[in-house]
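Below you'll find the structure, written out as structure tokens, and then a few comments.
Order of listing sets the numbers, starting from 1, for every ligand and every atom in it.
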Amino acid sequence: MNHYRNIFYAIGISAFTISFFFTLFFAYKAMQFDQIIEKKTKAKKTNAHYVLISEELNNEYWRLVEKGAKAAGRRYHVSIEYNGPLQSNLSEHMKLIDMAISSKVDGIITQGLSEEKFTPLINKAMKKGIPVITVDTDAAKSKRVSYVGTDNYRSGYLAGKALIAGTKGKAVVGIITGSFEASHQKLRVEGFKDAIKNKPGIKVVDIKASNITKVQAAEKANEILSEHPDVNAFYGTSALDGLGIAQVIKRQGHEKKIYIISFDTLPETLQLMKQGFIQATVVQKPYKIGYESVKLMHEFKKGRHIPSTIHTDTGILYQKDIAKGDVSP
Ligand code: BGC
């Protein structure tokens, strides 16, 4: 009888011990799970969210800026949202900035396309504690914390000097510009005109806007050629303008007779340079502009001092350099 009782107790005690350890084990696991969830939520809370708003979403130049910004985002553990109008449009662009302000992002990186129209928006964001860094085009009179990008006046000036050298000081010039409204495009034209102003052999006879599209750049170049048949040089002030101009020149069989200086070093531009349609181009650093802007925003949010202007490298890339393989976009 005693023997059975002992067995009964032994089973009871073992069952109790096992269930006790199981309970402990599951309680421990549940605690660990809670901690993981808490950590994740905390990580989400500290992961800053910056938005980069460009002039045109799918523009190749802006995709390079985005690439640089996202690389810096990974480096500094911040999330980067990239946005922009499908086609360049000032009021759409401004709407996107306003939406970013309403959704209380942690920082806005965008162009200051029009000093007059963008300043109130930039200042509104700053007032709400959302820092703004301008890229590519500055709105220097606004309260933005910093500007990262090309010195647009200087780049236009360099283009003018290159054109003087490339045409031996004698040319009838047509200009295709991205827009008459955008500050950086105006500065690129102003710098160019200042560079040629003491060269009586160089005349600018027309300037038309492409709305930063290749199709319109081609259309406008075509119009300039028919309205001014003596034009023998073109200057394109935004990334796709040179491509549109070259397309027309190619179609009309004018190659080698018309000098083209363009902007940027997109693959198609380099290809056209190799083929001899574009003689020179102004180099900008879109990837670097994107990277540096996020890095600066990150530093600013950490309370560190950041410079109010960072001019990224600019210079002229000539056809002869392409032949040597000397390309550093
Ligand atoms: C300019 C950008 C512009 C792009 C258009 C670049 O040269 O810096 O502001 O959006 O051209 O293709």
Side-chain angles (χ1 to χ4, degrees), residues 52-69 82-90 92-94 96-97 109-115 118 133-139 147-159 175-192 208-218 220-221 234-247 260-270 272 278 280-290 292-293 310-317 329:
L52 164 65
I53 303 169
S54 76
E55 182 168 10
E56 189 171 76
L57 192 71
N58 283 320
N59 186 292
E60 252 187 284
Y61 169 90
W62 283 103
R63 287 291 181 190
L64 290 172
V65 179
E66 177 200 9
K67 215 169 162 185
Y82 172 63
N83 213 342
L86 281 179
Q87 271 178 354
S88 167
N89 179 311
L90 221 60
E92 275 290 308
H93 192 148
M94 288 165 63
L96 290 172
I97 299 179
I109 298 169
T110 192
Q111 289 157 287
L113 272 181
S114 144
E115 184 100 45
F118 278 48
I133 290 185
T134 49
V135 282
D136 177 86
T137 318
D138 198 10
Y147 167 70
V148 189
T150 304
D151 177 339
N152 286 300
Y153 175 84
R154 180 165 173 266
S155 65
Y157 194 86
L158 293 178
I175 300 179
I176 303 292
T177 187
S179 143
F180 288 126
E181 270 192 287
S183 313
H184 63 327
Q185 300 292 304
K186 289 198 244 176
L187 285 168
R188 290 176 191 181
V189 172
E190 203 182 307
F192 180 87
K208 292 190 192 290
S210 66
N211 200 28
I212 71 166
T213 72
K214 181 169 152 185
V215 176
Q216 286 190 54
K220 304 294 168 170
F234 274 101
Y235 168 41
T237 72
S238 70
L240 307 184
D241 296 337
L243 307 182
I245 300 165
Q247 200 177 58
I260 303 177
I261 178 157
S262 65
F263 243 86
D264 296 299
T265 48
L266 296 179
E268 198 181 335
T269 308
L270 300 182
L272 285 161
I278 295 180
T281 196
V282 181
V283 178
Q284 297 200 90
K285 303 282 176 184
Y287 181 93
K288 189 162 186 202
I289 292 172
E292 290 298 315
S293 62
I310 295 188
H311 281 147
T312 43
D313 298 344
T314 184
I316 305 292
L317 180 69

Heavy-atom count around K67 NZ within 6.0 Å, excluding the residue itself: above 12? no
More than 12 heavy atoms from other groups under 6.0 Å of CZ on R63: yes
Provide, to 0.1 Å, the distance between [atom] and the closest protein heavy atom, together with that atom's residue and name.
atom                    : value
atom 11 (O) of ligand 1 : A239 N, 2.9 Å
atom 3 (C) of ligand 1  : E55 OE1, 3.5 Å
atom 7 (O) of ligand 1  : D264 OD2, 2.5 Å

Does T269 reach the main-chain N or O of T265 with its side chain, forming a donor-acceptor pair under 3.5 Å? no
So is E56 in contact with ligand 1, going by heavy-atom distances below 4.0 Å? no
Would you mind finding which of V65, D136, T213 brings a heavy atom closest to atom 1 (C) of ligand 1? D136
Considering distance alone, does some N or O of [X] sit under 3.5 Å from an N or O of ligand 1?
X    : answer
T137 : no
N59  : yes
T237 : no

Answer with yes or no whether the side chains of Q185 and T237 bring together a donor and an acceptor at under 3.5 Å. yes
Pair Y147-D136, side-chain donor/acceptor within less than 3.5 Å: no
Could you see which bit of [X] sits under 4.0 Å from ligand 1, with heavy atoms only: side chain, backbone, both or neither?
X    : answer
Q284 : side chain
K214 : neither
Q111 : side chain

When you compare the side chain of E56 with that of H93, does any pair of heavy atoms fall below 4.5 Å? no
Under a 4.5 Å cut-off applied to non-hydrogen side-chain atoms, are S54 and Y82 in contact? yes
State whether K186 and E181 are salt-bridged, where the test is any N-O pair (Lys NZ or Arg NE/NH1/NH2 against Asp/Glu carboxylate O) under 4.0 Å. no
For S238, take its heavy atoms, then give the atoms of ligand 1 lying under 4.0 Å from any of them. 7 (O), 11 (O)
What atoms of ligand 1 come closer than 4.0 angstrom to any heavy atom of Y61? 2 (C), 8 (O)
Check the pair F192, Y157 against ring pair (Phe, Tyr, Trp, His ring centres under 6.0 Å), reporting the backbone distance first and the verdict last. CA-CA 4 Å; F192 180 87; Y157 194 86; 9.8 Å; no
